[in-house]
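Written out below as structure tokens is the structure these notes cover.
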Amino acid sequence: MSNTQKQDERLLKVRHSMSHVMAEAVLQMFPTAQIAIGPAIDNGFYYDFDLPRALTQEDLDEITERMKHIIKEDKEFKKIVISKEEARSMFADQVYKLELIDAIPEGEEISLYNQGGFTDLCRGPHVASTKELNGEAFKLLNTAGAYWRGKETNPMLTRIYATAWTNPKDLRLYLQKLEDIEKRDHRKLGKELDLFSLHEEAGPGLVYWHPRGARIRMAIENFWREEHYKHGYEMVFTPHVGKSWLWETSGHLGFYKESMYSPMEMDKADYYTKPMNCPFHIMVYRNSKHSYRELPFRWAELGTVYRYEKAGALHGLMRVRGFTQDDAHIFCTPDQMESEIEEVLRFSLYMLRSFGFEDINAYLSTKPEKSVGDPERWAAATESLKKALESEGLAYEIDEGGGAFYGPKIDLKIKDAIGREWQLSTIQFDFNMSERFNMTFVDKDGAEKRIYMVHRALLGSIERFFGVLLEHYAGAFPPWLSPEQVCVIPVSEIFNDYAQEVLVELKKHGLRAYLDDSSDRMNAKIRNAQNMKVPYMLILGEREMQSNSVSIRYRNGKQENGAPVNDFIASVLEVVKDKKQL
RNA sequence: GCCAAAAUAGCUCAGCGGUAGAGCAGCGCACUCGUAAUGCGCAGGUCGUGGGUUCAAUUCCCACUUUUGGCUCCA
């Protein structure tokens with residue numbers, strides 16, 4: 001066993017043991033509490049309780065104190081093996097434990113762990129004694145509601161989340177990481193950098209892009225369109241609403257009616273706002289007969305869709321009710337299927353890397369329970385996705401049952417600057433839509449055959465992708481994405497004319513630049529530009545004016561004085577072209 | 001949708017039974033300045049919405065809306 005494995009195992013034991021200590025503390029305070037489960041999780045642990053009342057911050061403080069006290073007592077964790085009957089009588093007043101006991105298969109060992117004042121049904125393992133725990137290396141973080149066994153129909157329990165480590169230093173590092181996450185929060189940065197807003201009075205979960213946010217979005221979308229044309233795609237534009245026939249045929253009304261916006265009645269027909277673009281692209285396909293000679297079609301659209309997400313699920317840009325998919329549908333012959341999927345995979349990786357994401361993992365999702373279509377075709381489709389992954393040499397994990405109702409899929413997840421994983425790309429096989437919409441092509445032999453169809457989104461939702469980018473770069477976008485690339489700052493009003501000249505020159509070369517000619521002092525202007533995370537600041541005064549040069553202050557505080565204007569422009573253009581970060 | 005917490009000026013926040021306060025931003029005036037905030041002044045709020053308790057509610061209670069942390073969900 002490697003050292004890191006040993007450490008992981010030890011942390012797991014520490015966290016799990018801590019959860020028992022917390023349960024003991026909670027039971028001291030609420031003797032009638034029902035206890036559920038308390039596992040170790042990433043960075044800590046939680047325990048679920050059924051409590052007589054809601055917990056306050058003061059309660060958490062008291063639980064913390066009691067836990068420290070228990071830890072100091074140096075109590076041994078003793079394992080006790082008992083029979084099912086004994087277990088039942090021991091936990092006679094603990095309804096959740098009884099349920100757990102009943103679920104243990106006959107013949108399997110039932111073990112308890114006791115640390116003196118508290119005994120829990122538990123398969124372990126634990127540390128030997130509470131003295132192995134560090135009372136200064138844990139922190140109760142928050143409380144949350146959680147359904148018993150994660151089922152919506154079950155009662156809601158109170159979950160206490162905590163983080164726990166073997167020593168106070170690791171705890172401190174983790175708490176710092178939490179602070180970092182908070183600083184990077186796209187909702188906070190979106191406000192500070194004036195990028196976007198949401199308005200309760202105008203509808204929750206609907207995004208308003210401000211000029212500075214729109215600049216970034218345009219940079220993303222322009223790049224996206226160029227690359228799609230380069231990669232053999234065509235653009236289409238389709239409507240935002242369509243008659244119910246579309247959604248009945250596609251199956252969306254059957255599967256997702258409750259999360260579609262309510263229909264509008266027009267001319268005695270129901271029109272739905274689109275939750276997906278596919279039926280529209282299919283309408284384009286069905287507009288005429290197609291020969292195998294024309295295929296494949298790769299049709300892309302930045303299509304804005306609307307889905308009624310549950311109120312409690314909304315979250316900034318990450319989970320919204322109206323968003324823009326960077327969607328495309330590939331219509332091809334069965335022969336072309338595999339190479340098309342391979343090509344999409346390659347394209348996808350190229351796009352993600354262009355935005356600065358290097359750490360990418362692939363996931364293959366197979367047939368879910370709630371699905372349509374013949375299982376044999378599911379198996380064949382899954383196999384072809386697998387082949388594509390393997391021929392790309394991508395390592396992948398399998399998400400059993402994670403596919404869409406109409407087909408298996410490949411998802412790509414990236415790791416951001418602080419190691420968090422986000423799902424962006426999705427490539428979905430669809431052998432269902434072509435059936436439902438009766439989509440065919442005429443093959444070499446003159447026979448009409450079923451078309452194959454792939455849905456894919458590389459960035460996912462533009463809104464969400466923007467949120468991920470914002471957090472990844474903590475607001476300091478690489479220049480090619482920055483809403484403002486250069487801020488021109490005259491040392492005083494006297495140099496406004498020279499600053500204006502330089503500005504004109506920058507704009508002539510297509511750079512996004514602005515002149516701060518406000519009545520602020522130079523220091524304040526630098527501070528403002530710095531706070532807006534503008535990558536380049538040009539400080540212009542007497543010296544620069546004399547030599548037709550600029551003094552560059554970079555976002556990171558570094559400086560370069562007296563650079564010729566043209567040299568500066570050339571270097572920025574190169575950074576922009578290469579999509580480099582500063 | 002469920003559990004819990006929150007909602008006060010454009011933003012960040014203080015106040016808390018006697019109908020509101022700061023900093024920043026905004027506006028005005030002065031300063032003309034060399035690498036992260038020049039000074040002074042002015043203006044700005046039916047304290048999320050609707051009910052209730054009270055002589056009196058921003059403050060206490062109830063409902064609703066929205067937000068936050070989770071749970072569930074995520075084509």
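Quick note on labels: first sequence line is chain A, next is B, and so on, each numbered from 1.
- Under the side-chain contact (heavy atoms from CB on, under 4.5 Å) criterion, A:N561 pairs with A:S551, A:Q559, sequence neighbours left out.
- Residue contacts for A:N531: at a heavy-atom cut-off of 4.0 Å it reaches a base atom on one of the strands shown.
- B:rA63 and B:rC3 are spaced 11 Å apart, taking the P atom of each and rounding to whole Å.
- The residue A:S259 sits close to a base: some heavy atom pair falls under 4.0 Å.
- Atom C1' of B:rC24 sits at a distance of 10 Å from the matching atom of B:rA37, rounded to the whole Å.
- Taking the P atoms as reference points, B:rC55 lies 28 Å from B:rU46, given to the whole Å.
- Across all strands, A:T158 comes closer than 4.0 Å to no nucleic acid atom at all (heavy-atom distances).
- Using a 4.0 Å heavy-atom distance criterion, A:E544 is classed as a base contact.
- Rounded to the nearest 0.5 Å, atoms CZ (A:F437) and CE (A:M453) are 8.5 Å apart.
- A:G150 comes within contact range of the sugar-phosphate backbone alone, with a heavy-atom separation under 4.0 Å but no base atom that close.
- Toward the 5' end of RNA chain B, the nearer of the two residues A:R543 and A:M276, judged by each one's closest nucleotide, is A:R543.
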Acceptor/donor pairs from residues 236-246 of chain A side chains to any protein atom, 3.5 angstrom cut, sequence neighbours excluded:
from: A:T238; atom 1: OG1; to: A:K274; atom 2: NZ; distance (Å): 3.1
from: A:T238; atom 1: OG1; to: A:E301; atom 2: OE1; distance (Å): 2.8
from: A:T238; atom 1: OG1; to: A:E301; atom 2: OE2; distance (Å): 3.2
from: A:W245; atom 1: NE1; to: A:T249; atom 2: OG1; distance (Å): 3.4

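- A distance of about 48 Å separates the P atoms of B:rC33 and B:rC47, rounded to the whole Å.
- Pairs of residues two or more places apart, or lying in two chains, never qualify as salt bridge (Lys or Arg N to Asp or Glu O under 4.0 Å) while including a residue from residues 540-551 of chain A.
- Residue whose closest nucleotide on RNA chain B sits further toward the 5' end, between A:G312 and A:E560: A:G312.
- The closest side-chain donor-acceptor pair between A:T324 and A:T304 falls under 3.5 angstrom.
- For the C1' atoms, the distance from B:rA14 to B:rU59 is 14 Å, rounded to whole Å.
- For B:rG52 and B:rG1, the P atoms lie 26 Å apart once the distance is rounded to whole Å.
- Taking the side-chain contact (heavy atoms from CB on, under 4.5 Å) definition, one finds that A:S19 meets it with A:H16, A:F45, A:Y47, sequence neighbours left out.
- In this structure, A:I494 reaches the sugar-phosphate backbone alone: every heavy-atom distance under 4.0 Å involves primed, P, OP1 or OP2 atoms, never a base.
- Among the protein residues, A:E542 comes within range of the nucleic acid bases, having at least one heavy atom under 4.0 Å from a base atom.
- Residue A:N561 is classed as a base contact, given a heavy-atom separation below 4.0 Å to a base.
- Across all strands, A:R521 comes closer than 4.0 Å to base atoms (heavy-atom distances).
- As judged by a 4.0 angstrom heavy-atom cut-off over every strand, A:R321 is placed among residues making no nucleic acid contact.
- Contact footprint of chain A on RNA chain B: nucleotides with an atom under 4.0 Å from a non-hydrogen protein atom, first to last in 5' to 3' order, B:rG1 to B:rA75.
- Look at the C1' atom in both B:rC61 and B:rA25: the space between them is 37 Å, to the nearest Å.
- Residue A:A146 is classed as a sugar-phosphate contact, given heavy-atom separations below 4.0 Å to backbone atoms only.
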Requested in this report: Step by step, work out the salt bridge (charged side-chain N to carboxylate O under 4.0 Å, His left out) result for A:R553 and A:E560.
Outcome: CA-CA 7 Å; A:R553 183 193 159 100; A:E560 199 181 316; over 6 Å; no
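- In this structure, A:H455 reaches neither bases nor backbone, as no heavy-atom distance under 4.0 Å exists between it and the strands shown.
- Paired with A:H472 under the rule ring pair (Phe, Tyr, Trp, His ring centres under 6.0 Å), one option of A:F477, A:F466, A:F357, A:W422 passes, and it is A:F357.
- Looking at A:Y363 and A:Q423, their side chains never bring a donor and an acceptor atom within 3.5 Å of each other.
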Report summary line: Secondary structure of RNA chain B per the Watson-Crick/G-U criterion (both distances under 3.5 Å; [ ] crossing, | other strand, . unpaired) is (((((((..((((....[..)))).(((((.......))))).....(((((..]....))))))))))))....
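- Geometrically, A:R15 engages A:W165 in a cation-pi contact defined by less than 6.0 Å to the ring centre and at most 45° from the axis.
- Residue-level contact check: A:K525 touches neither bases nor backbone, having no heavy atom under 4.0 Å from any strand.
- Nucleic acid contact class of A:I489 (heavy atoms, under 4.0 Å, all strands): none.
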Query - Intermediate values then yes/no, salt bridge (charged side-chain N to carboxylate O under 4.0 Å, His left out), A:R184 and A:D416 - result: CA-CA 11 Å; A:R184 286 170 180 268; A:D416 72 7; over 6 Å; no
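- Remark: the separation of the C1' atoms in B:rC27 and B:rU19 is 28 Å, to the nearest Å.
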